[in-house]
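Step one of this worksheet: look at the structure below.
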2 protein chains.
Amino acid sequence: MKRKPAEYYGYKYDIPLDEFFQFGVSVDCVIFGYKEGKVYILLIRRGAKPYEDQWALPGDLIYPKENLEDGAKRILIELTGLQDVFMEQLGAFSEVDRHTLGRVITVGYFAMNHLDKFNPKAQSWVKELSWVELTEVPQLAFDHNDIYDNALRKLRNYLKSDKPIGFELLPEKFTLLEYLNMVEYVLGEKLDKANFRKRLLAADFLVPLNERQKNVNHRPAKLYKVNQIKLFEK
Amino acid sequence: MKRKPAEYYGYKYDIPLDEFFQFGVSVDCVIFGYKEGKVYILLIRRGAKPYEDQWALPGDLIYPKENLEDGAKRILIELTGLQDVFMEQLGAFSEVDRHTLGRVITVGYFAMNHLDKFNPKAQSWVKELSWVELTEVPQLAFDHNDIYDNALRKLRNYLKSDKPIGFELLPEKFTLLEYLNMVEYVLGEKLDKANFRKRLLAADFLVPLNERQKNVNHRPAKLYKVNQIKLFEK
DNA sequence: CCAAAAGTGTTCATTCTACACCCATGG
DNA sequence: CCATGGGTGTAGAATGAACACTTTTGG
């Protein structure tokens, strides 16, 4: 995109206008995944400087003709093949010295899905890719721990809220207890089973299926799925 | 900030790395102000292209060595003289064609204060400055209406939440009814006076003063101030 | 029959809501 | 005395927390 000289626009800055246009912009994604009772985030081992070989959130510079959301979706698809996933912006992180490559502002994104569907594939620019349990998240490159903390806070708020977005983490069919266990895992606290069931069913986001668990050595639980429409209305 | 050549970092992009570093980054502030029962936001009439002469949120490109928060504070101080005001990030707005000057990503900021203290002063780059009632916000330049909508939603959530941040809007000493009227104005709905008082006082954010209204032709109301410490703890 | 998890019911305390009513001041 | 807003009390409904209990399956 060619720019006209600063005088045209009437700007009067104390440094040349060009120096304002030297920022890089990146997105970094906190991708939560759930499988068999545990919640993970997707981390990469960096294959490029700076912080080469260190663990980091998956992220990338966005292209000159790309907006942030498309950038975030691109990363998600490249690494996981996932499309049409719940995604939300976390905010911008902009400390002057956060990136050694130059002045780079990053915007965090938050995504959720269950892990049953896919095998993440490392791209050329990534040395290693791994789902890491929430309790095991190591020190990360850049300010990525800040971004992660932000995302975890948001996830917890969602799980506690009237609009339990956390369903996105579960497989299509799930039991109420499976959902409860996931919530307890993320919140790090025990909740009352009976009250949890009642509140959840009263909220009317779930549709009971004519299906039950199989091959369990106890009374099989009823399976539910999400009523996407009701969830969206809230 | 000088950058090393792309090869040094091991990046392999399909376009030269320099093209990633041509973004401008700006902040735009939604500054809420309260006076005598009404809530306003501060708007400027632009003195530079693009959108010259149109109404817009006050904002500016951030400097190469400045982070977003400092940029937002700078704008607030330049236009209003206000320092140490409650501020919060709203998120990034990044549509590719949102700015004709070049590729500019903007980050919205949210601030609140009461208007009794100060007279905003237009800077050289601003043709006109005005406090506009919430109900009268016109069409704005760029995507500024989106940013404003976002901010208003946030303000409403705050006023409804357990942590009523809206105190920032009020003068140092205020009556409960004054606060109620402000909340009703912003939410656009009537609330029950008795229940509002009870909930507010139970939340324990307010300190009653040994002072009452003067020269009113009805029973004078007790004045309160905010217990900043309690508010911070929540 | 037992173990284990599914699922229900009941009680009590707390909070919310609606609304009636009394109080203090200026004029 | 009245008008005006300030300020309180209460009853009933709704919600939430704690916990005991019943049900259904596999083995």
Side-chain angles (χ1 to χ4, degrees), chain A residues 36-38 156-164 166-167 170-171 173-185 187-225 230 234, chain B residues 34 36-38 156-157 159-164 167 170-171 173-185 187-226 230 234:
Chain A
E36 290 162 14
K38 288 179 176 171
R156 286 178 170 156
N157 282 336
Y158 273 137
L159 295 181
K160 283 192 271 193
S161 78
D162 295 335
K163 183 180 182 177
F167 296 131
L170 299 175
K173 303 171 180 183
F174 53 90
T175 70
L176 296 189
L177 266 280
E178 186 171 12
Y179 181 51
L180 172 60
N181 288 332
M182 186 273 282
V183 171
E184 288 179 339
Y185 179 93
L187 296 185
E189 56 180 302
K190 283 279 168 196
L191 302 174
D192 183 278
K193 184 180 51 151
N195 297 332
F196 186 84
R197 294 178 69 91
K198 274 177 274 186
R199 198 152 37 85
L200 198 50
L201 293 174
D204 209 27
F205 294 129
L206 298 186
V207 184
L209 300 171
N210 274 331
E211 231 178 307
R212 319 193 130 264
Q213 279 181 315
K214 278 174 189 143
N215 303 317
V216 287
N217 67 337
H218 56 73
R219 175 175 175 179
K222 181 173 263 192
L223 293 173
Y224 291 81
K225 67 170 184 162
K230 288 278 175 85
K234 254 280 183 172
Chain B
Y34 167 86
E36 290 161 14
K38 289 179 174 168
R156 286 179 170 155
N157 283 336
L159 294 182
K160 284 192 270 196
S161 78
D162 294 335
K163 184 181 181 176
F167 295 132
L170 300 174
K173 302 172 180 181
F174 54 89
T175 71
L176 296 189
L177 268 277
E178 186 171 12
Y179 181 51
L180 172 60
N181 288 332
M182 187 272 283
V183 171
E184 287 178 338
Y185 179 93
L187 296 184
E189 58 180 301
K190 283 279 165 194
L191 302 174
D192 184 280
K193 184 179 53 154
N195 296 333
F196 186 86
R197 295 178 69 91
K198 274 178 272 185
R199 196 152 38 86
L200 197 52
L201 291 175
D204 211 28
F205 294 131
L206 299 186
V207 184
L209 300 172
N210 275 329
E211 228 177 311
R212 317 193 133 261
Q213 280 181 315
K214 279 175 189 143
N215 304 316
V216 288
N217 67 338
H218 55 74
R219 176 174 172 180
K222 183 173 260 191
L223 294 173
Y224 290 81
K225 65 170 188 167
V226 174
K230 289 275 173 87
K234 254 276 183 174

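Everything numeric here is computed off the predicted structure, so don't read it as measured data. Each chain gets a letter, A, B and so on, in the order its sequence line appears, and its residues count up from 1.
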Base-contact (B) and sugar-phosphate-only (S) positions in nucleotides 13-24 of chain D, heavy-atom cut-off under 4.0 Å, - elsewhere: ----BBB---BB

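Residues forming a side chain to side chain donor-acceptor pair (under 3.5 Å) with A/Gln213 (at least two apart in sequence, or on another chain): none. Residues that satisfy the salt bridge (Lys or Arg N to Asp or Glu O under 4.0 Å) test with B/Lys214, not counting sequence neighbours, are absent from this structure. Contacts of A/Lys193 classified as salt bridge (Lys or Arg N to Asp or Glu O under 4.0 Å), with partners at least two apart in sequence or in another chain: none. Judged as a side chain to side chain contact (heavy atoms under 4.5 Å, CB included), and not counting sequence neighbours, the contacts of B/Glu189 are B/Leu187, B/Leu191. Annotation: side chain to side chain contact (heavy atoms under 4.5 Å, CB included) contacts of A/Asn195 (sequence neighbours excluded): A/Asp192, A/Lys198. Residues that satisfy the ring-ring contact (aromatic ring centres under 6.0 Å, His included) test with B/Tyr179, not counting sequence neighbours, are B/Phe167, B/Phe196. Qualifying side chain to side chain donor-acceptor pair (under 3.5 Å) partners for A/Tyr224, counting only residues two or more places apart in sequence or in other chains: none. Residues that satisfy the side chain to side chain donor-acceptor pair (under 3.5 Å) test with B/Lys173, not counting sequence neighbours, are B/Glu211. Shown here are the side chain to side chain contact (heavy atoms under 4.5 Å, CB included) partners of B/Arg212, two or more places apart in sequence or in another chain: B/Pro220, B/Lys222.
Taking 4.5 Å as the limit, every side-chain heavy atom of A/Tyr185 sits out of range of all side-chain heavy atoms of A/Leu159.
Nucleotides of DNA chain C lying under 4.0 Å from heavy atoms of chain B occupy a range whose first and last members, 5' to 3', are C/dT17 to C/dG26.
Contacts between residues 176-184 of chain B and DNA chain C, defined by a heavy-atom separation under 4.0 Å, are absent.
For the pair B/Leu201 and A/Asn215, nearest-nucleotide mapping onto DNA chain D gives the more 5' position to B/Leu201.
Contact between the side-chain N/O atoms of B/Arg197 and the OP1/OP2 oxygens of D/dT8 is found at a separation under 4.0 Å.
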